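The structure appears right after this line, and notes come after that.
Since we're looking at a predicted model, the values are computed, not measured. Reminder, nothing fancy here: chain letters follow the sequence lines and each chain counts from 1. Values below: all heavy atoms of this structure, side chains included; hydrogens, waters and symmetry mates excluded.
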Amino acid sequence: MRICMVGDSQDLSCTYMSWLAQKRDIEVVTLDEDALGVHWSFTYADLKPGMGVIERGGKCYPYSSFCGAFVRLHPEPGLPSDLSLPAEEASALVVERRYAMQHFLNSLPFPVANRPFSGRSNGSKPHQMNLLAQAGFTVPRWIVSNETAAVAEFARQCPEGVIYKSCSGLRSKVRLLDKEFLNRLQEGTSPVVVQKYISGYDVRIHVVKHQIFATKIISHGIDYRFESDDNQFQETAVPQQIHTLCINFAEAESLTIAGFDFRVTDQGEWYCLEVNPVPTFLPYEMTTGQAIGKAILDLFVSQANVALAM
Amino acid sequence: MIQNSAGILIINHPGDELADAVTANLHNQGIRTIQIAPDTLASRQIRLHDGTLYLDSMPIHGTLFRVSPDSKFSDGYQINDQAFCDAEIRSVLLAALNLESMLALNRYDATAWFEGLGWPTWRRKLIRAGIPVSEFLFGDSDVSVPRVWYPYGSPNAMRAPDYHAKRTLGSALTESTTVQKSLVVGKDVVVGRQAASICATAEWLAAQGVYLAEIAADVDDRILTVNTLPMIEKFETNNLVGCQIAEMFYAHLHGG
């Protein structure tokens, strides 16, 4: 049985998944993006994806010999180690190679966690919030704007307070709206998401196909990801309706693994904030013992068993 | 019910004659229009609230989007802030173009928006839709017959690269060449052949919200590439298509 680690094998999640796989005697083939064409290559016709082959270190691996791929693409991949190019050419190579990696991963005929085309709505928070609301999740009221008057009026309508955050998928800290921020808006800036603050606690739900793993985070900060000193992580239960919505949404977005972020009020109302297609599940697994990595491997292995039975 | 005070936003690079033709037609119909270059967008007053986009306080219910999503939107911002600002505007635009209140030409889903509007995205989608596409080989393919190379980031065919470049770039090679390109507006072929595969592609694209495209097919009528930002050279065609698009916006604003 064989899987591949694609993109950045130095990524902590890749390292962990490789270790888990090797403990189960699953062979791991490492396919680093910056080594494409040097240490490994692929050949396939996307109209006959089952006939594809990966070559690495002089060995040929048919696509049919893999049961899954775990992916972590580096945000700034490098050039092949023995290649030196002027900056403009280097940039063109990196961009074109990333397109190739995307096409390769999108075409693989076995489970991939995750394919580049899946979960792309996370690149736009307002778009994803609209999709979440259409899917049946409760999303806190929001406005996107760079107009001071509109933002101030929205904040006035939310006496429990409002937070602001970036519109794009770029990682940014969530903060409470204050006068300093309104002054920055007045001076001119790009639009931001301003959203009703939900008093309560955070829950991260990881979905692996049809399994869910929920973690309650008790934190004294506004954005627990950036304020980790006294965070407490606990496995928690999830209402059946939320369970179903998460699995359905992940499936609709073609996500093998997904990380849903919620705020939950003391009255038990669940507000969905966003869905991450590249969730860092290690902090949740390490603190609660939930076997998220194992679930991903189980999924891969179950697909291999299906293929063997056919 | 669409508000009569709502208008149309046209985003294009200078010199885009189709965008100019649409703008002129909308003006003739008395429709409020804002036509801007993409790099000025971040300097405008933008609001997305309760299902409506507002630009400089004007509700926008239609957008002709004639530039790539990865365009620069942040002229006037400090160099160090521009990449962040571009990403922010890009994300707002995706949400805006997908609003129910908005007729967008073209409307893209998040995959096309962030993966790129190039042929690889449309090829994958067309394969899934069951529409015949030209045969390609990808990567380190050992092929003896002459093939042309379609870089993933370009709509134009090139001479096949050498061995090392082919491996490193996972190159896409094909024997197919374009026979003719067809221009489609809505589900209709306005210019070019009306082969079954082209009509099927036009219909499928329109169902996704892509109403304007140039579709290239090979000698066997399999789809080779789709270009959703076509440039139209002929003056008469520009006027015809400009008029058709303006009529679509007019009908949308008036509840049609």
T168(B) to R97(A) - nearest heavy-atom pair and separation: O-CG, 3.4 Å

Heavy-atom side-chain contact between S166(A) and F84(B) under 4.5 Å: yes

Separation of Y99(A) OH from T121(B) OG1 (nearest 0.5 Å): 8.0 Å

Residue pair S145(A) / H49(B), side-chain heavy-atom distance below 4.5 Å: no

Expected output: side-chain T43(A) to main-chain G139(B) donor-acceptor under 3.5 Å: no

Region of L41(B) in contact with chain A, defined by heavy-atom distances below 4.5 Å: neither

Check: T111(B) side chain, F117(A) main-chain N or O, donor-acceptor pair, under 3.5 Å: yes

Closest heavy-atom pair and its distance - P151(B), E96(A): CA-OE2, 3.2 Å

Side chain, backbone, both or neither of I46(B) within contact of chain A (heavy atoms, under 4.5 Å): both

Parallel, tilted or perpendicular: rings of H103(A) and Y152(B) (30°, 60°): tilted

N98(B) versus chain A, the contacting section by heavy-atom distance below 4.5 Å: side chain

Approximate separation, where rounding is to 0.5 Å, of E115(B) CD and R98(A) CZ: 11.0 Å

Minimum heavy-atom distance between S124(A) and S91(B), given as atom pair plus value: OG-O, 2.7 Å

Under 3.5 Å donor-acceptor, N146(A) side chain and S43(B) backbone: no

Side-chain heavy-atom pair S41(A), K166(B) within 4.5 angstrom cut-off: no

Reported CZ-to-CZ distance for the pair R124(B) and R115(A), which is rounded to 0.5 angstrom: 9.5 Å

Exercise: identify the closest heavy-atom pair between H127(A) and A95(B): N-CB, 3.5 Å

Close side-chain approach of D81(B) and T189(A), heavy atoms under 4.5 Å: no

Per-residue contact mode, A42(B) against chain A (heavy atom under 4.5 angstrom): backbone

Segment of T174(B) engaging chain A (4.5 angstrom heavy-atom cut-off): neither

Region of W142(A) that comes under 4.5 Å of a non-hydrogen atom in chain B: both

Non-hydrogen atoms of R167(B) and G37(A) that approach each other most closely: NE-O, 3.2 Å

Segment of E55(A) engaging chain B (4.5 angstrom heavy-atom cut-off): side chain

Under 4.5 Å from a heavy atom of chain A, the part of L94(B) involved: both

Segment of R123(B) engaging chain A (4.5 angstrom heavy-atom cut-off): side chain

Minimum heavy-atom distance between L169(B) and A100(A), given as atom pair plus value: O-CB, 3.1 Å

Structural part of F73(B) lying under 4.5 Å from a heavy atom of chain A: neither

Max heavy-atom pair count under 4.5 Å with chain B, selected residue of G169(A), P191(A), S121(A): P191(A)

Short side-chain to backbone donor-acceptor contact, Y77(B) and S190(A), under 3.5 Å: yes

